[in-house]
Structure formats: structure tokens, C-alpha cells
**Q** 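One structure, pasted below without further comment.
First the proteins, then the strands, lettered A, B, ... as listed; each starts at 1.
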There are 2 protein chains.
Amino acid sequence: MAAQPPRPKLPPLTALRAFEAAGRLGGFTPAARELGVTPAAVTAHLKTLEQSLGAALFERHPRGVALTDLGARVLPDFTRAFRQLDAAMQRLEGEATPGLVRIATTADLAQLWLSPRLPRLRRAGFQVIPVPVESPGAARGLADLGLFLLPGAGAEAPLIAVSAPGPAAGLMALDPAFTLSLAGAAGDWARWAAAAGIPAFRPRGPVHGSAALALEEAANGAGLLVIARPLAEAALAQGRLIDPYGIAAESGLTLALWPLRDLAPDSAPAQVLAALA
Amino acid sequence: MAAQPPRPKLPPLTALRAFEAAGRLGGFTPAARELGVTPAAVTAHLKTLEQSLGAALFERHPRGVALTDLGARVLPDFTRAFRQLDAAMQRLEGEATPGLVRIATTADLAQLWLSPRLPRLRRAGFQVIPVPVESPGAARGLADLGLFLLPGAGAEAPLIAVSAPGPAAGLMALDPAFTLSLAGAAGDWARWAAAAGIPAFRPRGPVHGSAALALEEAANGAGLLVIARPLAEAALAQGRLIDPYGIAAESGLTLALWPLRDLAPDSAPAQVLAALA
DNA sequence: TCTTAGGCTAAGAAAAACTTAGGCAAGAAA
DNA sequence: TTTCTTGCCTAAGTTTTTCTTAGCCTAAGA
């Protein structure tokens, strides 16, 4: 049975989602990140949509885009609709597999903080799966809980310096070459050094992109690593690393675990949230 | 810039839409009709969806399908969400091209009833486009107004018999071979003949699938055609056809024109509705 | 001036969606 | 009973959509 009319052509859902994300986030590039595609794909979607509409949704500026009047007027409707759709999908997935809890987090937090806590939760009957995302914003509709280091008041994630255990390490004077740094955490060393009373200290050692890797290096004796304590706790507890100076600095970050959607009081996500908090 | 994780995999929107339609309409086949695809496509979507979910949404019975408990529980959420999405899309299209009015109707009504009325509306600044659909249900989200012959109380669409003008035609006794019938309107001749006082009359002439074609044939003198008056009015007004017997029978159908969504009071669709009613 | 951010385009590749064709089981019709 | 019809399923193959890669362009900021 073929469709009689050439093609009724219902609204291009994918393109609409691209529009919604781009409008809400204020650009094609962040939208692409959220959707998990390249910016070129978003460009193409918007082009299609505007063409089929016969009207522009964004003004193109050389440095970015801005919603047109029309775009701004209709965006909230789409945001609402997609939020409802996401919520419905979440509910469906939740009800389809009771006990399932998805936690959106970074790869580092998943490996270093969440992973050690999973066995206990699994034994309690929860099927916890970490969903790796780049930022809290990208978690939209993908998970029940979010776990991130966020800029925030609490001093719950202090910076500490860690190194391999052994008598020598802790006693050495600070050597700029005997350091390990994390990419994207440029200020951490400065903050810690200031707290340690050496404001002018500049690390010169290798920079790692992954906290897990940097910790591994540190455990192998490659240098002194400044890192948020929650990420190092497991290794400290195992004795693979030590905190030779015992100096903690404010990181300005808090380890936050919070619901990404409304949770039914006794649902699996709510229970896991309570268990981890 | 490639997406880091293999693929965050947002919900398969097309499959969700198939689920929603199938759930709401109570079967895969009607859903396929509404979506303008074959039933096999709907089957495949549901299979994908249920597989990725790890749970069944429909119980398969040999004669059809029924929502499972889970499916029934979540369906309303999806219906609501998609309705909102459709509404947003409608609003977007409406605002993008002011003056645009889409009327969902059958090919016959579009050609025979709507088409003659379009020039006046076009001159009034409305861009009216008929959207051909098979049934009112399939119009969901595709148009602003619906125009159909519906089973209904009013006698607004009586059946009449028409033929080519000329002295002989009207005077002839009824000849079963000198008839034209419409496919899908099996009872029409019987009703009209009953009203004419010839209850046992059975037409034997050719059967046409399209009212427009049948009217054309009748105008060419091929026979007597029983048809709902609204469809023949234009040809009668032009003198291309006559109503030789002057006998009208109840068709049980009413020509209905109604809004398929909420219309803003002074919007183009509302004005066109008022002008046509 | 150089660099960077953000978007655009074209071409080709990958993945999703759809159709066709045939099959099966149960209720309806003969 | 037998036959027909309805509604869904499966497999194979094709079309359409969606996405990525790679290179270009403009303006703002260092």
C-alpha cells in the first residue's frame, strides 16, 4: 500500500530540534555540541528549515547568529514542546526498566568518583549507568541525575597536592619540573601554591588532558599533582597516592549531584541520589 | 569537530511518532495511513523502539495490536507532547507566511467545491492551498481547516441525479445501463432511487473512482449520475449539467468546514472560514 | 598583523527510513 | 467446512536523509 499523495511531508523533526537548540543556546556551535553533531549539520538543518518556511529564523552575523523576530516569537513554543517530549521519553525509559538510573557526568568523575561507588549500588539492585557528557547543559534529556564539579560557594571540593607514596617525595622542596598539571584547570596550581605560601610558583611539568591519566602518572612517581580532592580520594584510600603537604586550597568548585528532572519520591533515581549525597 | 562519545543517541523521534499514532489510533495500519507510510514501516519503527527500550509497548494479537500496560501508561504524555509540537509548527508556518490558509480535504472536494471559490479568496489576499488527504484524521497537523463530507444530521448535502443537458435526457425512462456510479458511494443510487419511487432500481453502468471524472463523463452524455449536490453545483451553474428529475434524496452526509486547531480570532484561517461558511 | 571564533559550502559517506513482496493466523463470510 | 479478508510480520533492496570532512570567509580581539 503506497502513500497516495506524493508525500504529505510532516514537519522535519530533526531540523526543528536543531532550531530549538540553536535558539535556546544562542548559536549553532553549542547546539551542535548538545545534539552530538558537527556545526555543519546544524547549518544545513537551519538552511532546510528556513527554505521550506520561506522566512529567516536567524540573522547571520559574521561572529555568530541571533534569532530574528519570528524566531524569537516561536522559540518558546518549541522549547516547551521538546521539553515535554524529553520528559515523556525519560518517563518511558524509566518505567520500561525499573532500577535504571542514568547519571550524566564527565569521564573523569565517572571513573574516579562514581565508579568506586557503583558496586554497592549495583548490589542494592540499581542499574546505574554513567552517561558521559561534556557539560551539564548537554545532559538535557539524557540522564536522571547530573554529577559535576560546578563553580559554587561550598568548599566541598578543595584542591590538594598528591604524589606517589615514599619517604623522599613529601620532603623535597617544590620543584617546578616535578609537577603534573591538568589541562583546563590552569588556575589550580596557582591557588594551591598561594595557600601553601609560594605565590609565585609556576609548574613546568607535563600537562594531562585526563585526570585519571594524571593520577596514574603521579602514582608512578612522575610528579606532584594538584587536583580536586574528590577525584583523588579513591587513590588516596588505596594508598596508591599520598597528600605529602596536607595543604588544601579553595578550588571555587563544588561537587554537585542533582536531579535533572522531576523525580518521583521513591523512584530508583531518587534513592540513588539519597544514597550518594 | 567530531562528537566525542560514539553517539549520544537522542530519542528516535520518528519511531516515537509512530508509537504515538499507533497507540492513539489503535493499530499499525491506521497509523501508517496517518503518517503517509506503509504499515511495514510502522512495524519496523515499533520493533526498533521496543528493542532499544527492552520492553514491549504493544501486545501482538493475530488480528491487530493492543497497548501493553506500559504503553497505555505513557501514551498520553507523548500525545500531548506531539500535539504541542504540531501546534508550534503550525504557528511557525502561519507567522512565516501571513495570509496562508491550508485546507485539508479530499481531491474531489478540492477540485469541485473549493476550487471555484478560490479566486475570490485569492483576490482578498488569502493564499489558500488545498492539502489533499484521505480522511479527516490524516489532516492532523497538516492544515488549518478541514473540509469533508461527514456523516451528520443536516440535510445540507442532498443527493441529486445529473446528466448532460438536452431535451431527450430528462424525458427518458430510467435505464440501468445509462447510469454512472461512484466507487465508495454504493448506497447513493439506492437512496436516490427510493426517493424517486423506484426502490428496486440497480444501476449497471460504469463505476468511477473520481467524482470529477464521473461528472465529466455525465457532461459528455455518458449517463445519469447520482452525486452529492455540493460536488455538482459548479457544473450545474455553468450549464454543463442539468438536474433533469429535480428529485433530491437524503445522503446522510453534511458538507462540513471546521477549524483543525485553535484559530486566533482575526487570523487568515478564521477569516477564510467565515467567508466560506 | 595575526589569530581565533563562528558560520558557510560542496562532496562524498554513513545511517535511517521506506517500499515491495510474500507469509501467517484468526475471525468473517459463504 | 472452506474461503476470504484483515492486520501484522519478515527479508531484501532502494531511496532519502543526515552527517562528516575539508576548506573558505568575515570580523573581532590580542
Side-chain angles (χ1 to χ4, degrees), chain A residues 1-52 56-68 71 134-135 184 186, chain B residues 1-52 56-68 71 137-138 184 186:
Chain A
M1 178 197 308
Q4 280 317 36
R7 179 84 44 121
K9 207 62 167 167
L10 19 155
L13 292 181
T14 322
L16 289 181
R17 203 184 251 278
F19 161 62
E20 193 274 334
R24 176 166 39 83
L25 300 172
F28 290 4
T29 302
R33 228 188 329 268
E34 169 168 314
L35 298 172
V37 299
T38 55
V42 176
T43 299
H45 274 145
L46 267 295
K47 191 177 153 191
T48 307
L49 187 53
E50 293 184 325
Q51 206 141 29
S52 94
L57 293 167
F58 288 93
E59 291 164 7
R60 267 64 170 192
H61 300 140
R63 202 69 206 297
V65 295
L67 283 167
T68 59
E134 316 244 325
S135 72
Chain B
M1 178 198 306
Q4 282 316 40
R7 180 75 53 111
K9 208 57 164 171
L10 17 158
L13 293 181
T14 321
L16 290 181
R17 205 187 250 280
F19 160 62
E20 193 275 334
R24 177 165 40 82
L25 300 173
F28 290 4
T29 302
R33 228 187 331 264
E34 170 168 313
L35 298 171
V37 300
T38 54
V42 176
T43 299
H45 274 144
L46 267 294
K47 191 178 152 189
T48 308
L49 187 53
E50 293 184 325
Q51 206 142 29
S52 96
L57 293 167
F58 288 93
E59 292 165 5
R60 268 62 171 195
H61 298 141
R63 199 69 206 299
V65 295
L67 282 167
T68 60

**Q** Rounded off to whole Å, could you give me the CG-to-C1' distance for the B/L46 and D/dC9 pair?
**A** 12 Å
**Q** With sequence neighbours left out, write down each residue that passes side-chain contact (heavy atoms from CB on, under 4.5 Å) with B/T48, or none if nothing qualifies.
**A** none
**Q** Please report the shortest heavy-atom distance between B/L57 and B/F19, naming the atom on each side.
**A** CD1-CD1, 3.9 Å
**Q** Rounded to whole Å, please give me the gap between CG in B/L13 and C1' in D/dT17.
**A** 14 Å
**Q** Round to the nearest Å and state the distance from B/L16 atom CG to C/dA16 atom C1'.
**A** 15 Å
**Q** Which pairs count as salt bridge (charged side-chain N to carboxylate O under 4.0 Å, His left out) when at least one residue sits in residues 35-45 of chain B, sequence neighbours excluded?
**A** none
**Q** Could you write out each protein N or O paired with an N or O of nucleotides 24-29 of chain C at a distance under 3.5 Å?
**A**
none

**Q** Does A/A41 have any side-chain contact (heavy atoms from CB on, under 4.5 Å) partners at least two apart in sequence or in another chain, and if so, which?
**A** A/V37, A/T38
**Q** Would you say a side-chain N or O of B/T38 is under 4.0 Å from OP1 or OP2 of C/dT19?
**A** yes
**Q** Got a list of protein N/O to nucleotides 8-10 of chain C N/O distances below 3.5 Å?
**A**
from: C/dC8; atom 1: OP1; to: A/R60; atom 2: NE; distance (Å): 2.6
from: C/dC8; atom 1: OP2; to: A/T43; atom 2: OG1; distance (Å): 3.1

**Q** Whether B/T29 contacts D/dC8 is assessed here as follows: a side-chain N or O lying under 4.0 Å from the phosphate OP1 or OP2. Is that the case?
**A** yes
**Q** Who passes side-chain contact (heavy atoms from CB on, under 4.5 Å) against A/A22, sequence neighbours left out?
**A** A/F28, A/A31, A/F58
**Q** Have a look at A/E59 and tell me which of A/V65, A/T68, A/L67 forms a side-chain contact (heavy atoms from CB on, under 4.5 Å) with it.
**A** A/T68
**Q** Need one value for A/H61: base, sugar-phosphate or nothing, where a base atom within 4.0 Å counts as base even if backbone is also close, heavy atoms only.
**A** nothing
**Q** Among C/dT19, D/dT18, D/dG7, find the nucleotide with the atom closest to the side chain of A/T14.
**A** D/dT18
**Q** Rounded to whole angstrom units, what separation is found between the CZ atom of B/F58 and the P atom of D/dC8?
**A** 9 Å
**Q** Using the salt bridge (charged side-chain N to carboxylate O under 4.0 Å, His left out) rule, collect all pairs that involve residues 38-51 of chain A, keeping only residues at least two apart or in two chains.
**A** A/E50-A/R60
**Q** Taking only residues two or more places apart in sequence, or in another chain, which ones meet B/A15 in a side-chain contact (heavy atoms from CB on, under 4.5 Å)?
**A** B/P12, B/H45, B/L49
**Q** Just the rounded figure in Å: distance from P of C/dG6 to CG of A/L25.
**A** 13 Å
**Q** Once you round it to whole Å, what is the distance between P of C/dC18 and CZ of B/R33?
**A** 17 Å
**Q** Tell me: CZ of A/R17 to C1' of D/dC19, nearest whole Å?
**A** 17 Å
**Q** How many Å lie between CG on B/L35 and P on C/dT19, as a whole number?
**A** 10 Å
**Q** Tell me every residue that passes side chain to side chain donor-acceptor pair (under 3.5 Å) with B/R63, counting only those two or more places apart in sequence or in another chain.
**A** none
